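Accompanying notes for the structure given below.
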Amino acid sequence: MADSDLLPRPKRWDKPFATPESIPDLAEVLSLPLFEQIDPDNFPPSLPIFGIIENDARIIHVKRDEIIIRAGDYGNSAFLILSGKADVVLPPGLPEKLLGRSDNKNSLISKVLDTLNLKKKDNIAHSSLLAVGDGETVRTFLPNAKNVMSELETITLEAGDIFGEVAALTRAPRIASIIAQNDCKLLEIRWQGLREMRKYSPRFQSHVDQYFRDRNMISYLRNIKLFSGLDNESLDELAKETLFESYGEADWYTQHEKLESSSIEHEAMIAAEDSYADGVLIVLSGFARISHKYNNGEQTTGFLRAGDVFGLEDIHQQHAKKSSDNAAVYGSSLRAIGYTNVLRIPSWIIEETILGSPSTDAWLTVNQSSIKPNELTKIGMLEFLMDHYYINGTSTMMIDMERCIRCDDCVTACASAHNNVPQFSRSGEIHNQFMIASACMHCTDPVCLVGCPTGAIHRSSEKGEVIINENTCIGCETCANACPYDNIQMVTQLNKEGLAILDEKTHKPLLKATKCDLCINKLGGPACVNACPHDALVRVDMKENPTLTNFLDRHL
Amino acid sequence: MTLKIRLFFNLLLTAFAIGVFASLYSSLDISLNNTSEFSGWVLFASTFFLFLYQLKKRFTFLPLGKSSTWLQSHLYGGLFSSYVFFEHIHWQVPQGLFEISLGITFFMTALTGIFGISLSRRLSYKLSQLDDEIIFETIPERLTVLREQEESVIVNATEEASSNTLAQFHVNQLSDFFDGPKYFWRHLTNTGKTTPLDALKEQERYMNETELKHAKKLRKIILQKEKVDAHHALQLTLKNWLLIHVPLAYTTILLLLPHITIVYAFGGA
């Protein structure tokens with residue numbers, strides 16, 4: 001028998017965030033107001049605060065007019081200003097073009113030209129931003145910053161201020177752009193470090209929670225349909241009592257990258273079936289699995305993603321009985337898939353503020369069916385979708401292989417809509433007769449957006465599709481490497497003669513990231529769906545049960 | 001809407017269209033009007049509508065609606081046209097070489113269309129029952145890999161077992177089997193029983209222990225090859241049946257034009 005290779009077990013900090021040159025000075029960091037009251041004894045020996053600062057943080061220097069954070073981008077770190085000043089651009093913010101994004105609001109004429117493949121396209125990047133560096137170290141600057149900033153409303157952040165922590169912890173889009181007012185020294189902390197500091201430092205936790213409560217909570221709750229009938233006073237009260245909780249250890253996509261499927265045994269319990277329903281839970285970020293006890297196991301009956309509500313039905317049912325004998329219990333279990341942030345709103349305040357109102361009753365009527373077993377659970381489809389993390393998709397390409405005649409009209413149509421470069425491959429995992437094809441799913445949690453140095457990959461401002469601006473993509477491959485589903489491809493740029501365009505220094509082909517854009521600039525919607533003659537191909541939002549179940553049910 | 005409900009609804013709609021046409025035709029007939037001219041123009045219009053689907057498929061980049069909606073219209077429009085066609089020829093064999101040719105091409109176009117759609121439904125179902133999903137264009141590459149694997153097993157078996165049972169089997173059967181896609185009709189129609197797998201089983205009685213061990217590996221490779229062959233046969237048929245239907249459709253359109261000209265030139269219409 002051949003000898004096995006022996007390797008030390010990989011550890012969390014094998015790859016520190018910082019390079020040797022950017023390791024933070026411990027004394028300097030711990031003397032900052034935010035850290036000075038941190039008690040190192042609160043941290044477990046395996047995760048000392050010193051280790052977190054050395055391995056999960058780094059020092060970065062930004063120049064004047066450099067864009068530190070772009071509104072709408074997804075990032076996984078927060079920034080603490082050590083020296084210098086930065087401006088937060090208040091709404092309406094910087095124009096999309098100045099942020100390196102495409103102008104999605106195309107005119108009808110532009111769409112017609114694009115549909116007919118008559119729109120002029122440039123192959124070589126010509127960003128409206130000033131980009132410096134290469135690959136991951138690319139930095140972008142705001143052109144003509146003095147004039148641009150003078151016309152915008154801003155808030156100035158100074159040494160000691162922290163920003164970006166809520167977006168990093170909840171993987172929500174950054175709410176504002178932040179531009180360096182002068183040369184700044186920043187401490188960048190990746191989200192894993194933030195998570196530990198929040199977990200083991202009550203002061204840090206209260207800071208983050210308070211920040212979230214002050215800046216985000218009210219607007220977040222207001223956007224949830226369930227609370228749409230509440231006045232500002234009630235919302236304020238609700239926000240005051242709401243708890244911000246985190247569950248799970250590793251992000252779902254790191255598990256996916258290791259080719260481990262999601263498994264219920266390893267998921268952190270958020271609310272157990274038959275346990276006291278102490279509050280309504282709202283998923284702030286990540287995913288959660290709903291399951292019921294079934295014989296000796298658990299049957300998955302649904303999932304929740306950002307903005308979804310759990311437990312209201314149980315509290316409502318108990319409240320409707322008007323009995324004080326028994327407390328409400330959760331009718332099913334809720335578990336964190338990967339790392340999940342939730343808001344817990346205590347039952348008593350729910351009973352006082354929203355139960356019994358017509359809008360709540362209407363909400364319950366609409367949402368009740370979503371957690372009852374349906375076609376998805378019957379054929380094991382839900383388990384399949386969750387095990388492979390396809391629940392992330394909002395426009396997942398699903399192909400019914402019993403109807404598909406393998407004509408590849410979908411691929412051909414996609415190619416003719418995109419300069420003869422198809423943006424997907426008709427291959428992928430199959431469950432029963434349904435294939436999840438290798439096409440961008442326009443994820444709810446788009447990890448491909450994290451780390452794009454120019455902001456070329458972004459959500460469209462119209463419908464939220466994940467798209468790439470060809471003009472600002474520098475071909476660094478960050479997004480392609482980050483996509484857990486391998487749905488972003490790097491394509492060689494060709495000149496008019498069809499020859500590869502080469503880098504003048506390295507003589508290697510210039511690449512650009514390419515992926516399905518849902519034919520956002522074409523008339524008539526996705527070419528793949530339109531081209532399928534046998535109704536075999538659909539784009540489905542995994543949360544839209546009716547669309548999905550209708551597609552699965554139609555053979556009946 | 002389930003597919004069965006859609007089928008029912010579309011059939012109902014087609015029956016209604018046929019009913020409307022039949023009653024108009026009948027009323028014209030009773031009033032001694034020219035029913036041939038009426039049915040002829042309806043047939044021309046519906047045939048031209050059927051032909052538009054072919055044009056639509058050529059311009060995929062134009063926003064002309066979903067191809068599936070077009071296909072459904074094409075299928076049920078085809079049924080309607082077929083009825084109109086039979087009314088037009090008065091349910092009799094047309095007279096004259098030209099008219100017979102036109103009648104045959106139209107009839108064959110309709111027949112190949114019905115045959116093709118039933119083939120599409122049946123074969124796509126059969127494909128979905130095979131374990132692997134194989135893209136047609138990758139079949140030659142897969143076959144090469146399988147052939148190399150098979151040859152490697154044969155060489156190793158011959159060397160290790162100091163016996164040539166498998167080598168002989170390779171020369172007599174497998175060499176040809178792995179040479180390219182095989183058993184087209186068997187995979188298409190599920191007929192014919194003898195397979196290389198059966199033949200391998202027959203040979204097992206002549207093998208020693210070492211050869212049997214390699215035969216096990218060979219069995220897996222043959223099974224994979226069978227699957228690739230099945231994909232080849234089914235996908236090739238699905239891709240190629242249109243090569244009969246579409247030229248027939250073009251021929252019908254080409255013959256229709258002189259037919260109308262002749263009718264108006266010599267028919268006294």
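Model, not experiment: these values are computed from the prediction.
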With a 6.0 Å cut-off (strictly less than), is the heavy-atom count around [atom1] of [X], excluding the residue itself, greater than 12?
| X | atom1 | result |
| --- | --- | --- |
| B:Phe86 | CZ | yes |
| B:Arg186 | CZ | yes |
| B:Glu141 | CD | no |
| B:Tyr250 | OH | yes |
| B:Lys220 | NZ | no |
| B:Arg6 | CZ | yes |
| A:Phe551 | CZ | yes |
| B:Glu137 | CD | yes |

Checklist entry - Taking A:Arg406 as the fixed residue, which of B:Glu133, B:Gln235, B:His231 is the one that meets the side-chain hydrogen bond (donor to acceptor under 3.5 Å, both in side chains) rule? => result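 Of B:Glu133, B:Gln235, B:His231, side-chain hydrogen bond (donor to acceptor under 3.5 Å, both in side chains) with A:Arg406 is met by B:Glu133 alone.
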Contact origin within [X] toward chain A - heavy atom pairs under 4.5 Å:
| X | value |
| --- | --- |
| B:Tyr53 | side chain |
| B:Ile117 | side chain |
| B:Lys126 | neither |

Checklist entry - Heavy atoms, side chains only, cut-off 4.5 Å: are A:Glu402 and B:Leu127 in contact? => result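 SC-SC contact between A:Glu402 and B:Leu127 ruled out.
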Would you give the length of the straight line joining atom [atom1] of [X] to atom [atom2] of [Y], rounded to the nearest 0.5 angstrom?
| X | Y | atom1 | atom2 | value |
| --- | --- | --- | --- | --- |
| B:Ser120 | A:Arg403 | OG | CZ | 9.5 Å |
| A:Asp400 | B:Ser128 | CG | OG | 8.0 Å |
| A:Arg554 | B:Thr2 | CZ | OG1 | 10.0 Å |
| B:Leu71 | A:Asp535 | CG | CG | 8.5 Å |
| B:Lys57 | A:Asp409 | NZ | CG | 4.5 Å |
| B:Trp70 | A:Asn530 | CH2 | CG | 12.5 Å |

Next on the checklist: Out of A:Pro533, A:Cys407, A:Cys404, return the one with the most heavy atom pairs under 4.5 angstrom to chain B.
Outcome noted: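 So the answer, after comparing A:Pro533, A:Cys407, A:Cys404, is A:Pro533.
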Next on the checklist: Looking at every heavy atom in both A:Ala531 and B:Ser67, which two are closest together, and how far apart are they?
Outcome noted: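 Heavy atoms of A:Ala531 and B:Ser67 come nearest at O-CB, 3.4 Å.
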Checklist entry - Closest heavy-atom contact between A:Arg426 and B:Ile135? => result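 The answer is O-CD1, 3.7 Å.
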Is [X] close to chain B through its backbone or its side chain, or both, or neither, when contacts mean heavy atoms under 4.5 Å?
| X | value |
| --- | --- |
| A:Ala527 | neither |
| A:Asn550 | neither |
| A:Ile430 | side chain |

Next on the checklist: Could you check whether A:His534 and B:Arg121, counting side-chain N and O atoms only, form a donor-acceptor pair closer than 3.5 Å?
Outcome noted: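 There is such a pair (donor and acceptor under 3.5 Å, judged by atom type) between the side chains of B:Arg121 and A:His534.
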